[in-house]
Amino acid sequence: MAEERTIELNMGPQHPSTHGVLRVVLELDGETIVKARPVIGYLHTGIEKTMESKLYHKALPATDRMDYLAPMSNNLGYCLAVEKLMDIDVPEKVKWARVCLAELTRVNSHLVWLGTHAIDLGAMSMLLYTFRERELVVDIYEACGGQRMMTSYIRIGGLAHELPKDFDKKVRTLVKIIKERLNDYEKLLTNNEIFINRTKGVAVISAEEAIDYSLSGPMLRGSGVKHDLRKANPYSGYENFDFEVAVGRNGDAYDRYLVRLKEIREALRIAEQAVDGMPEGPYRAHVPGVVLPPKEDVLYKMESMIFHFKIITEGFKAPFGAVYQAIESPKGEIGFYISSDGSNKPHRVRVRPPSFINLAALPRLVEGRLFSDVVCAIGSIDIVLGEVDR
Amino acid sequence: MEEKVRNFLRTSFSDVIIREDDFRRQQSFYIKPEGLAPICAALLQNKELDVKFLADITSLDWLGHEEEKNGRFEVVYNLYSLSHHYRFFLKVRLPGDDPRVDTITHLWEGANWLEREIYDMMGIFFEGHPDMTKILTPDELEGFPLRKDFPLTWEQPQFSWNKDRPPEVIK
């Protein structure tokens, strides 16, 4: 009789269902996973170190490049943190516009997640449908900031430009179309027997363990913990909006799917409320020396030009101290811990990366399960390797 | 809630608390390194405060700043109460040479990767950690990238070219 032993299998770093350059070393006994060890860092670009060497305004574009599927959320988190550090209050209109854009970003990120997760599990057509709808969101990004992915549209103290003229019309069309299409997705997946078999009871994590692993976002809510920073610690005026927090029950991949689907619906509701109630006003706070003056003033007004020049070349000096601002990004709690030493550059910018922390629970999700569940588990965590590795 | 946290720490752990800070209404406590693990364990036991969520651990390097006199490294523990929606920070100062602090992985599983990342990027050793290895940087990289004396453009496993001077500190 042959000797019984386990084999080690290398999954990734170049594997289509690892969503980037994630490598998982699996120890297999037959088809059962004995041990899983995620190996990360292939995309490490030292973003936190880079941000230390930039002025506060100039460090902003680095944030887009972490979670490139949710650029506006990252911008928002960083800007709120710097605004907290500098004690700046932004105009009401900016708050509402930011909420609207952050929710569109949630739609964007969840749609990409839905498409890629479904294609991992064999539902090929979903990817084409969700990317078709995502196009509507990136079109709005393009109209706002001129870029489709790395928007950098939300700036310290306000927005980069005035919102486009037909912004509300565009958002309303998008909400109408995606709301309808979501029903189609549900028809394709929610009661699909193959999809249910692949996701129900797979990658289960209980509420206590989810808290123990510091999970956040849909990973935490899928296990039945009703925690959403938009409700718990409202930022940017979320207390003015009417929405429900999606909560799962069983903590498996199927519940996380339901949670994310509901979050898309709620995000559309919030976006609609935001354009309905958008107040009039300036698109940037008036804080000379800290917030950049509006571009149209820079060309015609002497003081604005001087301030613009000074902020771009010297930046502004932040008070000594450290702040932390967390927001509910599509992936979970993204937080920016900015420590200032009193100079014009951040002393340290720490990003609390939701994907990184959620990915740490992967061994717990798959150990003792079948090999084919790994694909489902990785998909249901919803990682973006740009943010895991930074 | 702010008052409750203060009372809890002041009554049970007055000997390890150095000072309290509330910059921008964020409560944070500077504590002695040996007090960290006992405080976290006591917080987990306390039903009234209900601080069960370890949101984040991060680290700072104060090299060359006047703050360095209190210890070069700072480790920041970001704790959150899910029922009270309240966040506060525990901060630990560590010396410049051979910085070490006790792990809290036995209390929170989530601390595992966070501590590994700090070890990798800042070179702070967590005693009692089950797997104190690199996580983000390549195995052959020497030094700790987030320390202030690590040059910004210095590539060690070299992919392109090096513009900066070589880091003397690492040798």
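Note on naming: letters A, B, ... go to the chains in the order of the sequence lines (proteins, then strands), and numbering restarts at 1 for each one. Side chains are part of it too, since the values below use all heavy atoms of this structure and drop only hydrogens, waters and symmetry mates.
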Quiz prompt | Heavy-atom proximity to chain A below 4.5 Å, by part of B:Ser59 | solution = both

Practice problem: Determine whether B:Glu67 and A:Asp341 make a side-chain contact, defined as any pair of heavy atoms from C-beta on separated by less than 4.5 Å. | Solution: no

Exercise. Just grab all the ring pair (Phe, Tyr, Trp, His ring centres under 6.0 Å) pairs involving residues 42-77 of chain B, residues at least two apart or on different chains.
Key: A:Phe320-B:Trp62, A:Phe320-B:His65, A:His347-B:Trp62, B:Trp62-B:His65

Quiz item: Which answer fits B:Glu66, side chain, backbone, both or neither, if we ask what part of it has an atom under 4.5 Å from a heavy atom of chain A?
Solution: neither

Exercise. Measure B:Ile57 against the heavy atoms of chain A and call it side chain, backbone, both or neither at under 4.5 Å.
Key: backbone

Quiz item: Non-hydrogen atoms of chain B under 4.5 Å away: do they reach the side chain of A:Ala361, the backbone, both or neither?
Solution: neither

Quiz item: Of the options B:Leu141, B:Ile135, B:Leu136, which is the one that meets A:His44 in a side chain to side chain contact (heavy atoms under 4.5 Å, CB included)?
Solution: B:Leu136

Quiz item: Given a strict heavy-atom distance threshold of 4.5 Å, which part of A:Ile40 is in contact with chain B: side chain, backbone, both, or neither?
Solution: both

Quiz item: Between A:Glu48, A:Lys226, A:Arg390, which has the largest tally of heavy atom pairs under 4.5 Å with chain B?
Solution: A:Arg390

Quiz item: Any sub-3.5 Å donor-acceptor pair from A:Lys49's side-chain atoms to B:Phe150's backbone N or O?
Solution: yes

Exercise. Against chain A, label B:Arg87 side chain, backbone, both or neither, depending on which of its atoms sit under 4.5 Å from a heavy atom there.
Key: side chain

Quiz item: chain A heavy atoms under 4.5 Å from B:Asp120: which part of the residue, side chain, backbone, both or neither?
Solution: neither

